[in-house]
Every structure is written in C-alpha cells, then in structure tokens.
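A short write-up of the structure that comes next.
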Amino acid sequence: MNTTTSAQNASRPGTLRIFTARRIHTMDESLPLATAVGVIDDRIVAVGDMASMAPWRAGRDVVVDERLKDKILLPGFIDNHVHPFLGGLMTPTEIIAPEAWRMEGGRIAPAANSPERYRELLTERLAARTDKTDWFISFGYQPSEHGRWTRAELDVLCPDRPVVLWHRSFHESYLNSVAIDKLGITATLVSGHPQIDFAAGHFFETGNKVMMARLLPYLLRPDWYHRGLNITAGLMHQGGITTAGDMLFGSADPEFELTALAACIEQPQRPLRIVNILEARGFSNRAVGRRVMGPPDECPPFAEGLKAIEVMRTRGSRRVVFSKAIKLYADGAMFSQLMQMNPPGYIDGHHGEWLMAPPVLAKGVEVFWDAGYQIHVHVNGDAGMDSVLAALASAQERKPRFDHRFMMHHVGFHTNAQSLRMAALGAHASVNPYFIHALADGYAKLGLGPERADQIVRAGSLVRNGLRVSLHSDFMMAPMEPLMLAWCAATRTTKSGRQVAPAERLTLEQALRGITIDAAFGLNMDHEIGSIVAGKKADFTILEDDPFDLGVERLKDVRVAGTVFEGEVHLLPVPLASTLANAAEATRAGLPFQMPARAPLHTSLRARRARYRPAPNTCCGPDGDPCVFLRQLSGWMQEPGFLHSTEPPKRH
C-alpha cells in the first residue's frame, strides 16, 4: 500500500482517493452521517470514517485528499427541470430585472425595482459596451416597475446603436429606431398587425414573432449561443448543481441543440451532466414533416414521434445523457394566470388555456406509456391536474405498470384530494417552490384570493400522501440555486415576508431531499446519483456552512464552495450564497451586493394589475414560463421561412 496526501485531481486509474470532511450528509437513511468517503475513479466505494476505509486501502495506491476537511459535503445537487436552450439565448444579455440575478463569476446583478434605479443601471450597462455597431440586448424589463421605455425614450438615450429591451415575461420587446432599421422592419411590413405598435417600437404576443424571426439568427451564432451555454453551465456550478434535467430537449432543433451541448458541456473540465428529456410534440411533428406546431386540440402523430425519439436516445455521451422519458403539456402558465382552474375559478371570471387539450394529452400518454417511457407533464391548475390524472388513470387501467415514475411538473395549484389520487395512481411531483415567493402576495389580491394563493405549491400535502417531491427552478423562471428553492419550500416566505400555509412547509430534511435523492428519483437516476452511497457516482456538493446548523430560515444563506464531479474536485473562487441571501452573507463572501431599493409608493393597484394581468388568448408565450415560451418559439422555428437573417453569421 502506497499512501500519499494530495491536493490534485490527477491520479492513476484504480487509485483509492479518500475525501475527508468536517461532516458528510449522505441523504441515505441507513448511514446519514460520515466524515470520510472513498472513491475509485468515478465511483464511491466506501462511506464512513477513516477507520472504515481500511479494507479498501490494502494493496492499493491511496491518496488522502484533505482539501475538503473543513467543508460540509452533500450529494451533488440536482435541478431536474431547466432549459439550457433558453440559457444559451438569454444569459449573454444584460440582465436588468425586478429581482437580483446571479451572473458570470458569481457577481450579483442588483434588483431594479424603481424607474430611477432601472435608468441608472441601463445607462451604466450601455456605457460599459463601447461597440455601438453591435446589439445591446437587455432582459428583464417590466414597465410596471421600470417606467416607460418605448421607441421614443430609447431613441433619446441611444440614438446611434441598436437596442432591444426584452420583457421579463419573455414574450414582449421594445426596440429603438436603429434596431428596427437593422432588422429591416418597416411600417409597411407590419401595417395592420394587431400586436405591433410600430411607433412605440413595441412587439408583443404574436407581434414578437416578427422581431424574433430577424433577431434569432444573431442569437444562434456560436459566439453568442455557445457563450450563453457556457454561462448557464457556470451558473449551475455556482449553485452546486452536478446534474440538470433539460425538460424540453429537441423542441427547437435537436441537431443544433446536441451539437452545442457537445461543444460546451462535453468538455473535460465541465463538472456537470445534462439529462435530456425529449419533447414529444416537436419530435412527433418533425417525424412526418409537419412544420407547424398546431393548435392545442390537434393531435400530433405520437407513434411516429416515438420512432424518432428511439433513434435520438442512442446518441448520449458521458455528460450528455438521454433518459427514456418524454415531456407533455396540460394547461397554461402560472405567471400569466392561464392555468386551468376548477370552480370557483378566477376572481375576474377569465378562463385558463390548454396547451394540449385533454384528448391530445391522453393520446400522448397512451403511446409513450405503452412503450414503457417515463412521462413528465407540465401542469399548473387543479382543472389541468384533473386532465392529467384522467390520462394516467386510463393508462393504468388499460396497461398496469409499477414504478413508472409519472411526474407532475410545476404543480402550481392542486387540491388535497388530488394529492391522494396522485398517490393512488403512483405519480410523483417536481414542483417549483419559487411560485410561493414570487406570486402568493399578488395572487391573493388578484386572481385567486388569499385562501388559494397562500396554498399554491402544496408540497407538504404531496409528501404526507407518500409522493416523492423534488424542487426545480425552470431556469430562467427562477435562479438555478437549489438551496434557495429549498428555503422557499421549507419556509413558504413571500416577497412581503409573509409565511403562508405553514402546514404545507417541508422540513429541512424533506427540502434537502428535494434537491438530492428525490430529484434523482424524478429523473429515474436514483440508482446512480442523489445520495452518497457505495456504488454511486462520486458527485458531491461542497458547502462552507452546514444547513443542519443554520436551519430552514437560513438555507438561502448557506454558501456553496464548489462540487466534486465523478471524483474530481472543482472549487469556486469564493463560496457563494443565494441571490436572496442577507447582505452580510454576500459581504462575507467578498462579492458586491446591493440591497434592493424600496418599491415606490406609486406601485398602485393599477400597476399590480399590469404585472399580474391574464394574458390574452392569442398570447405567444404566457408570462414568465420558460416551458411555454420555448414551446411557442420552437413552433415558430419549424415554420418554413421563419428565420430571416439580416447579417451573415460569423465563421468559426
């Protein structure tokens, strides 16, 4: 036996590397705590203390790695519902939004929640980009908080460079005159379009399609899109994520997406794997040459899509994995109040929307259920949940399956009775707890009323009924910060500081399971990842602070120090707390942090109505839901002649 102490990742194949830590939370009920973990190559071989490593040390080269001896280890965090394609498009923009956002290198883009603060940040970012011939694109604009920025105001501020302000909802944009001219959009071209205000430079709903058709070729160039994917991967690392589920792979262009993932993710020093869940509607339509997504009640040829998906699933690699799983849709988005609601419905009497009419959803479930696939369904309202449960019940009655892991995603509002039925049918849930923080206050006043708004994302009910509950960001709906999501689920704290529906809170243990072992369960990968157990992948999240010491109220303040991916250590330059962390935590980490300005008193009921308005039926991508926006964008991209490049792509 040859024993050395090393701080290097490199070692000969077959070497036993023993990581020591202040404490290791394994998330395994049989051995919840440890202080040492033994790894050979990319696999865990032993968990316990130094003494328990002795049988594995005999006759082997051994490296005792003490770099983490003062750290806390948890299983590598898992966000099982993200959208790398949207990250590739949007993260290279200048993000100026109502909430703080994590950026490259760990810096925090401060919240802009007053018109004055928005102007200040916009002016600052414009000055930092000195090439006035290139596009200036900013994401996060919200008129109800940032004031009026139409073509006229932008022309005064930026008369000589193309500027696009992309709405926080993804589905509206405001352009100045230079940008409109650069895209070749003329008054004659858009004359009479009901969702383009040409004089104001405002492109919204289907009008945004006209703008996107001309801007998208610029965003899909490798020097933009690959940079965006690299930023997205970096944000995952900053959040302690070692595995992420792409919950809409292939919706736009599978070959383009896979090539970009190979270029940006399948790299030797990338501490991350992407698990692709394939978008059933897009694959099905492309399989028969159908180039238009079609209305919610038009059924795609799912049987043909199944054949195409089977072929695509053979093309995985070490870091880009294809699951035997697909994605379907039920109802509309939470942020726009287009989820389908049972009585009493919405306070103002409007109705939600179907993304897949119930018969279409049922057919999709039937085809992929019978083929043995795991099925993930986007669902937000209780009426939407009824349609999903009906489809699942029909499939179970026709062809019973065990351990099928049918996953409900988002689960904005559902009832306790539906929790019971989900359990009876063997379903589980991946929920978005950020809805509680972002929406409960506003929806108590507009849309749902206090009782139902306070009870959105009933994670406690799901757990009480025996479901596995995981937590996701739906990036870019929320930051990819699993500890922040765990805080949202465990405290149910709104933006105003209220703690709502305390009976629906998760415990600390349950919340951490939601970003580790139960998140792995949701991806059908809990045999490989999600807990620190002999035989599994050596994926760990390295923490500076122990969440079990700080407790649920300070989960958002726990600092991520890095990750171990398949046995290799990847430390961050400085440990990072979440974007919701206290100012003191950010200061302690040595990073710039600016407390959000107090919202102005003139943020009136009228302004709040603008923020939470129901989107019209013609909406191309309801507010704030990346799934729905990408679904619509992918539908546009399939249409012949959609893309209009206004300038040649750069060669690489």
Side-chain angles (χ1 to χ4, degrees), residues 79-82 245 247 277 327-342 352 354-356 361 365 374-392 405-440 443 447-448 452-474 477-478 485-486 488-490 492 500-501 503-506 510-511 513-515 518-519 521-523 622 624-628:
D79 189 331
N80 63 18
H81 188 135
V82 302
M247 200 49 66
I277 289 81
K327 169 83 173 289
L328 297 169
Y329 287 88
D331 57 338
M334 277 288 290
F335 266 71
S336 56
Q337 293 191 2
L338 285 181
M339 57 278 198
Q340 289 280 14
M341 298 296 294
N342 285 326
W354 294 111
L355 300 181
M356 284 184 173
L361 173 63
V365 169
Q374 184 186 18
I375 298 171
H376 300 260
V377 182
H378 161 118
V379 56
N380 276 309
D382 55 351
M385 181 63 77
D386 280 342
S387 74
V388 183
L389 290 170
L392 174 56
R405 306 194 186 190
F406 192 107
M407 296 295 296
M408 313 293 192
H409 280 254
H410 305 322
V411 197
F413 180 82
H414 79 290
T415 67
N416 283 314
Q418 289 173 329
S419 291
L420 183 62
R421 193 170 183 218
M422 289 168 67
L425 292 169
H428 299 276
S430 176
V431 304
N432 192 331
Y434 192 70
F435 288 162
I436 303 163
H437 183 71
L439 300 178
Y443 285 16
L448 299 181
R452 288 180 298 164
D454 285 0
Q455 295 175 23
I456 60 176
V457 190
R458 296 176 187 262
S461 165
L462 297 170
V463 171
R464 287 192 295 272
N465 281 280
L467 278 70
R468 297 287 192 98
V469 176
S470 50
L471 313 176
H472 68 250
S473 67
D474 197 14
M477 207 293 292
L485 297 175
C488 289
R492 296 186 63 88
V500 297
E504 294 298 335
R505 290 178 297 186
L506 296 184
Q510 290 165 349
R513 287 181 64 90
I515 58 176
D518 288 343
F521 179 93
L523 290 175
D625 192 316
C627 295
V628 182

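Heads up: numbering here begins at 1 and tracks the sequence. Given the structure is predicted, the values throughout are model-derived calculations rather than measurements.
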Angle between ring planes, His410 versus His81, binned at 30° and 60°: parallel, tilted or perpendicular?
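Ring orientation, 0 to 90° scale: tilted.
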
His378 and Tyr329 aromatic ring geometry - parallel, tilted or perpendicular at 30°/60° bounds
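It falls in the tilted class, 30° to 60°.
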
Could you measure the distance from the [atom1] atom of [X] to the [atom2] atom of [Y]? Nearest 0.5 Å is fine.
| X | Y | atom1 | atom2 | result |
| --- | --- | --- | --- | --- |
| Gln340 | Ser387 | CD | OG | 8.0 Å |
| Ile436 | Cys488 | CD1 | SG | 7.0 Å |
| Leu355 | Leu361 | CG | CG | 10.5 Å |
| Phe335 | Tyr434 | CZ | OH | 6.5 Å |
| Asp518 | Arg468 | CG | CZ | 5.0 Å |
| Met408 | Ile375 | CE | CD1 | 10.5 Å |

Show the nearest heavy-atom pair for residues Ile456 and Phe435, with the distance to one decimal.
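That closest heavy-atom pairing would be CD1-O, 3.5 Å.
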
Measure across Asn465 and Ser419 and return the closest heavy-atom pair with its distance rounded to 0.1 Å.
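In this case the closest contact between Asn465 and Ser419 is ND2-CB, 3.5 Å.
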
For the aromatic rings, using the six-membered ring if either is Trp, is the centroid distance between Phe521 and His428 under 6.0 Å?
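Between Phe521 and His428, the centre distance is under 6.0 Å.
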
Given side chains that start at C-beta, do those of [X] and [Y] come closer than 4.5 Å, heavy atoms only?
| X | Y | value |
| --- | --- | --- |
| Leu471 | Val431 | yes |
| Met422 | Leu389 | yes |
| Leu523 | Ile277 | yes |
| Pro433 | Arg492 | no |

In terms of side-chain heavy atoms, does Asp382 have a donor or acceptor partner in Thr415 at a distance below 3.5 Å?
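No - no donor-acceptor pair under 3.5 Å links their side chains.
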
Report the residues that fulfil salt bridge (charged side-chain N to carboxylate O under 4.0 Å, His left out) with Arg458, sequence neighbours left out, ordered by chain and then residue number.
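Scan of Arg458 (salt bridge (charged side-chain N to carboxylate O under 4.0 Å, His left out), adjacent residues dropped) gives none.
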
Side chain to side chain contact (heavy atoms under 4.5 Å, CB included) partner of His414, the single match among Leu462, Val379, Asn342
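Single pass found, and it is Leu462.
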
